[in-house]
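Heavy atoms only: backbone and side chains are in, while hydrogens, waters and symmetry mates are out. Keep in mind that what you see is a predicted model, and the values were worked out from it rather than measured.
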Amino acid sequence: MEKTFNPHAIERSWYQTWEEKGYFAPSGEGNSYTIMIPPPNVTGSLHMGHAFQDSIMDALIRYQRMKGNNTLWQVGTDHAGIATQMVVERKIQAEEGKTRHDYGREAFTDKIWEWKEESGDNITRQLRRLGASVDWDNERFTMDPGFYKAVQEVFVRLHKDDLIYRGKRLVNWDPKLHTAISDLEVENKDVNGHMWHLRYPLADGEKTSEGKDYIVVATTRPETMLGDAGVAVNAEDERYKALIGKDILLPLVNRRIPIVADEHADMEKGTGCVKITPAHDFNDNEVGKRCNLPMISIMTLNGDIRDEAETFNSDGTVNSEIDTHIPEQYHGMERFAARKQIVADFDAAGLLEEIKDHDLTVPYGDRSGVVIEPLLTDQWFVRAAPLAGPAIKAVEDGEIQFVPKQYENMYFSWMRDIQDWCISRQLWWGHRIPAWYDDEGNIYVARSEEEVREQNNIPADVALRQDDDVLDTWFSSALWTFGTLGWPEATERLKTFHPTDVLVTGFDIIFFWVARMIMMTMHFMKDDEGKPQVPFKHVYITGLIRDESGDKMSKSKGNVLDPLDMIDGIELEDLVKKRCGNMMQPQLATKIEKRTRKAFPEGISAHGTDALRYTLYSLASTGRDINWDMKRLEGYRNFCNKIWNAANYVQMNTKDEDCGQNGGDIELTLADRWITSRLQRVEAQVEKNIADFRLDHASQNLYDFIWNEYCAWYLELSKPVLWDENAPAELKRGTRRTLVRVLEAITRLIHPFMPYISEEVWQNIKVEAGVEGETVMTQSYPVLDEGKLDELAEQDIEWLKGFITGIRNIRAELNIGPNKELNVLIRNLSPDDQRRLTDNTAFLQSLAKLTDITVLSEGEKAPMSTTQLVGKMEVLVPMAGLIDKEKEVARLSKEVEKLNKEVSRFEGKLSNEKFISNAKPDVVEKERNKLKDALSAQERLNEQLNAIKAL
RNA sequence: AGGCGGUUAGCUCAGUUGGUUAGAGCGCGUCGUUGACAUCGACGAGGUCGGCAGUUCGAAUCUGCUACUGCCUACCA
């Protein structure tokens, strides 16, 4: 083995070997255990969040595989409709100056397929670098032919069950991307805006109670007034009650619109009068339905003012009675320009009452970044409420459990008030909706055009046209758990691996994905008794990885960390180039460059996959935000190095040596029995913490055990035995065997977390450890063997550690070098102390660098010494030649002072009647013992202090 | 406006059912390299657990209020 851990050298070959040998494919004899990877965007690249979640999934899968279960980690990618289409649109714009319309639908989608082929393996290559043990043989894509079949089937069946419908509805329209988007894709932002108070003249000479011939409405979007269909007031509102049923003469367009009564109008808010624009506002749309007001659509798909309004009745049918006239000066005007113009025109007409500053929330498209316009369009919807019922119940009944549990609230609150889901998108990249239209406007839904003709007896000469729209990406990803396994066919894979065990994902897509997956799966997947199957039993929600100061990582902030840079390292100049290249706003680049140079003055050094993964596990607590910390990455790189060097030491002492693998008598030292016992404990801890999805704790357990017990103490304790030429062969054999076997167990324990270093070390020691096999990946995971627990050995070693630490304390305080040999005196020994002393003389001499250890008899006078207590036993180091009386007095006084405080605290507690009578007896007993110990220590130290003072 | 989190050492975070002197890593200080490891070792300093009140023999932990902070949902004529 190399002297220093070099991750690059070992990671390279192992992954390839594992994959080639087919270790990732399901093969275990035990129960099935399935995880579906949340499919990343096919043309995307791996970010920290992926690395985090995928590392967690890999640990769980590797753990279950080692437990002998039939594990499937299903891998695949998502076509990611809008995101991918936008990438390619930008690309052709930049490279060829063309838009998708220059290409036309077919040629453009071909272009996307090309791009997918070109860049699609980027993300899978990165997954491999992470060590992800996914089943590559069955990789899926949400637009592969099989998946398309599942999507079609679901659409057709939902439509048949009346759970999908088409209708003219108000939807969130993105005027830049020219598509409808769902509520979830709208990002609400607070902005400073204005509220315009506009005068709407009353028709027919009517007057308000105050004698005015107009009423005042307030609006934040004056341009929509062109589509006003009425003005609402509250039926209880004394100010306007009398006007209900009268008309308004809408300014600028001179349309007569009624004053209606509706609860939506709040007497306390604004002026109490609300303009109602059913075609351009969600609330107004509801009012329109209640009050039977028409929908007057005045905007184009670009968000410009139309030349002529389109009008519909509140039930969506065409209305041909209303005047569709729009004044010419607004035709084709961009919506925000129209806003200005209309305000100006109101002002000019003397109808602008007032402008107020107003903070409001404005909807933006999360992809396009432009203001979303509620617009009337024909769209397909999923009726969500009926699907939500069983999905809610599954979580209520605990069939699906969220980890951490608090996320169930989020799920419930959304699901219990779920709105219909707009699933059609006016894009070109995605699953085309399986619906066809004839020239008469009839709609047919079926799996194919042939099926439509067949089912409806439509002859071949009647033209049918398929719907142009595609489905929301999340519609197909909602089928991920069963679509990937071969549904709608009743495949063996589906039978074996569904329902899956755990879904690992971020809270940001609970609504987008998790909830919809539950709804879809429970509707389509039934068990043998016809009961709905859940898609997964646990939903493990991870936190979001943020940068070191808690900010979300984003390209425009220039704080994105690439997991592969953590693994391989990157030069500063390359990092700067990477972060500042392709910036939309060049002035940002300067800022980002500065920031990057400050944060990483020397670039980023290579840390290796194992260190990255271990850092991620250690951060995987239950919090919602996880702040990335380079220092922790360094710490775990050092941990890798520690393991490496320990292995190096073990190998030096066991290679070609007798480790008992060929038989022979074995005698175990106290240290051997101790570390074996401690190993059992850590095995139990790790098992529990993995079961609880607390990988942060599991990784901490292993870190502590490996570094602070195995390396810091056990390896040191092995030296006196191995270096003692006179030690009996069976003793050396026992220590060598323990040394190598515990390390072998460590490699198995740590394998799910650190796949590479564990494999490399395991391969190097497996012969000496007496195990056979091709890879640690398929070895059994260590489990607690109660027969190997050794309570007494653990206590004895604690005593030994206390003794040694005591001596080290003295050395540090008196400035005695670690290599200077010391003699010590001991007194006040219990029988246990006596036994331990006899048994461990060799360890003590070696680890504490002691020559003589002399036991003083009762009352025997000691020379002037410095003292440490090990339990009640006193350890004295004669100070002749080392003496610093004042220093020692100060030290002891401080100790005594501390003890005094303790004593008075315990005494106070124990003299409290209520404590004695209320606290559990064992707690009281414990306190009593503590007091006793403190008192005796106090006494000993006081004696010592007086003795020194007396000198 | 409603909901859910967070607030513990200089920094990043653990702390399971209330019960030793509240822990870890990093950072900091002192000392130390001839035999696994300076990507290391030994020792140490550092916290009235956001604030107030309450329940209790006992509160970082339970309850109420409050401050700051983050997110989610809804509304904003």
Side-chain angles (χ1 to χ4, degrees), chain A residues 1 3-5 183 188 195-198 217-221 231-232 264-266 269-277 281 283-284 358-361 404 406-407 409-410 413-414 417 507-508 510-511 544 546 548 550 605 607 611 618-619 621-632 634-653 688-689 692 694 696-697 700 703-704 708 711-712 715-716 719 723 805 808-813 815-819 898 901-902 905-906 909 912-920 922-924 926-927 929-930 933:
Chain A
M1 288 172 75
K3 191 172 157 70
T4 306
F5 171 58
D183 303 348
N188 292 307
M195 175 86 83
W196 288 272
H197 290 242
L198 307 176
V217 299
T219 180
T220 55
R221 294 192 302 152
V231 169
H264 174 61
D266 188 332
K269 273 191 198 163
T271 60
C273 303
V274 193
K275 66 191 267 309
I276 302 298
T277 323
D281 182 282
N283 281 314
D284 292 5
H358 182 73
D359 297 334
L360 72 166
T361 318
Q406 77 222 20
Y407 290 107
N409 294 323
M410 212 165 134
S413 66
W414 190 69
D417 182 35
F507 61 84
D508 50 332
I510 288 180
F511 305 146
L544 224 57
R546 296 166 175 281
E548 67 283 355
S605 63
H607 295 82
S618 75
L619 295 172
S621 61
T622 58
R624 190 143 44 177
D625 295 314
I626 293 160
N627 294 358
W628 181 254
D629 182 0
M630 288 302 290
K631 287 293 179 186
R632 291 200 68 164
E634 276 172 37
Y636 291 112
R637 194 256 329 260
N638 295 351
F639 180 47
C640 291
N641 193 54
K642 192 76 183 174
I643 295 174
W644 188 260
N645 281 301
N648 208 10
Y649 168 81
V650 171
Q651 214 182 19
M652 280 168 45
N653 286 288
K688 181 188 182 298
N689 284 322
D692 292 343
R694 288 309 300 266
D696 56 334
H697 287 169
Q700 183 67 36
Y703 184 95
D704 278 344
N708 299 328
C711 292
L715 295 192
E716 295 308 317
K719 288 173 184 174
W723 292 353
T805 306
R808 286 174 180 168
N809 265 314
I810 292 172
R811 286 181 188 274
E813 285 180 37
N815 253 324
I816 304 170
N819 288 323
K898 228 163 101 183
K901 272 188 198 155
E902 273 185 44
R905 203 181 56 242
F906 295 139
K909 236 179 182 179
N912 183 340
E913 288 255 344
K914 285 184 175 171
F915 173 69
I916 304 291
S917 52
N918 287 329
K920 287 183 202 150
D922 60 313
V923 172
V924 177
K926 254 193 214 164
E927 293 290 318
N929 286 334
K930 277 186 288 188
D933 291 349

Stems involving RNA chain B: give each as a range paired with a range, ordered by first number, where a stem means at least three consecutive Watson-Crick or G-U wobble pairs under 3.5 Å.
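Paired runs of 3+ in RNA chain B: B:1-7 with B:67-73, B:10-13 with B:23-26, B:28-32 with B:40-44, B:50-54 with B:62-66.
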Hey, does the Lys NZ or Arg CZ of K642(A) hover above the aromatic six-ring of F5(A), less than 6.0 Å from the centre and inside 45° of the axis?
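Not flagged: K642(A) not positioned over aromatic ring of F5(A).
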Suppose you measure atom [atom1] in [N] against the same atom in [M]; what distance do you get, rounded to whole Å?
{"N": "U33(B)", "M": "G70(B)", "atom1": "C1'", "result": "48 Å"}
{"N": "G50(B)", "M": "G41(B)", "atom1": "P", "result": "32 Å"}
{"N": "G29(B)", "M": "G10(B)", "atom1": "C1'", "result": "13 Å"}
{"N": "U8(B)", "M": "C13(B)", "atom1": "C1'", "result": "9 Å"}
{"N": "G15(B)", "M": "U34(B)", "atom1": "C1'", "result": "43 Å"}
{"N": "A59(B)", "M": "G64(B)", "atom1": "C1'", "result": "15 Å"}
{"N": "C49(B)", "M": "U61(B)", "atom1": "C1'", "result": "10 Å"}
{"N": "C26(B)", "M": "C40(B)", "atom1": "C1'", "result": "16 Å"}

Counting only side-chain heavy atoms from C-beta out, which of [options] sits nearest to [X]?
{"X": "T361(A)", "options": "A36(B), C76(B), G15(B)", "value": "C76(B)"}
{"X": "H697(A)", "options": "A14(B), C71(B), A36(B)", "value": "A14(B)"}
{"X": "Y703(A)", "options": "G25(B), G32(B), A36(B)", "value": "G25(B)"}
{"X": "K631(A)", "options": "C26(B), G19(B), C4(B)", "value": "C26(B)"}
{"X": "F915(A)", "options": "C57(B), G15(B), C37(B)", "value": "C57(B)"}

Between atom CG of N188(A) and atom OG1 of T361(A), what is the distance when rounded to the nearest 0.5 Å?
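One finds 6.5 Å between CG of N188(A) and OG1 of T361(A).
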Would you indicate what [X] reaches in the nucleic acid, counting non-hydrogen atoms under 4.0 angstrom: base, sugar-phosphate, or nothing?
{"X": "D266(A)", "answer": "base"}
{"X": "E927(A)", "answer": "nothing"}
{"X": "F906(A)", "answer": "sugar-phosphate"}
{"X": "C711(A)", "answer": "base"}
{"X": "K930(A)", "answer": "base"}
{"X": "R808(A)", "answer": "sugar-phosphate"}
{"X": "R221(A)", "answer": "nothing"}
{"X": "T805(A)", "answer": "sugar-phosphate"}
{"X": "T271(A)", "answer": "nothing"}
{"X": "W414(A)", "answer": "nothing"}

Closest-nucleotide 5' rank along RNA chain B - winner of G272(A) and K926(A)
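By nearest-heavy-atom nucleotide position, the 5'-most residue is K926(A).
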Nearest heavy atom decides the nucleotide; on that basis, is G817(A) or R637(A) closer to the 5' end of RNA chain B?
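This one resolves to G817(A).
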Mind calculating the distance between CG (N809(A)) and P (G32(B)) to the nearest angstrom?
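Roughly 18 Å, once rounded to whole Å.
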Which label fits F639(A) and Y703(A): parallel for a plane angle under 30°, tilted from 30 to 60°, or perpendicular past 60°?
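F639(A) and Y703(A): tilted rings.
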Would the base of C43(B) count as contacting R811(A) through its side chain, where contact means a donor and an acceptor less than 3.5 Å apart?
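Result: no qualifying N/O pair found.
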Just N and O in the side chain of N638(A): are any of them under 4.0 Å from OP1 or OP2 of C37(B)?
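So the side chain of N638(A) is outside the cut-off, no N or O lying under 4.0 Å from OP1 or OP2 of C37(B).
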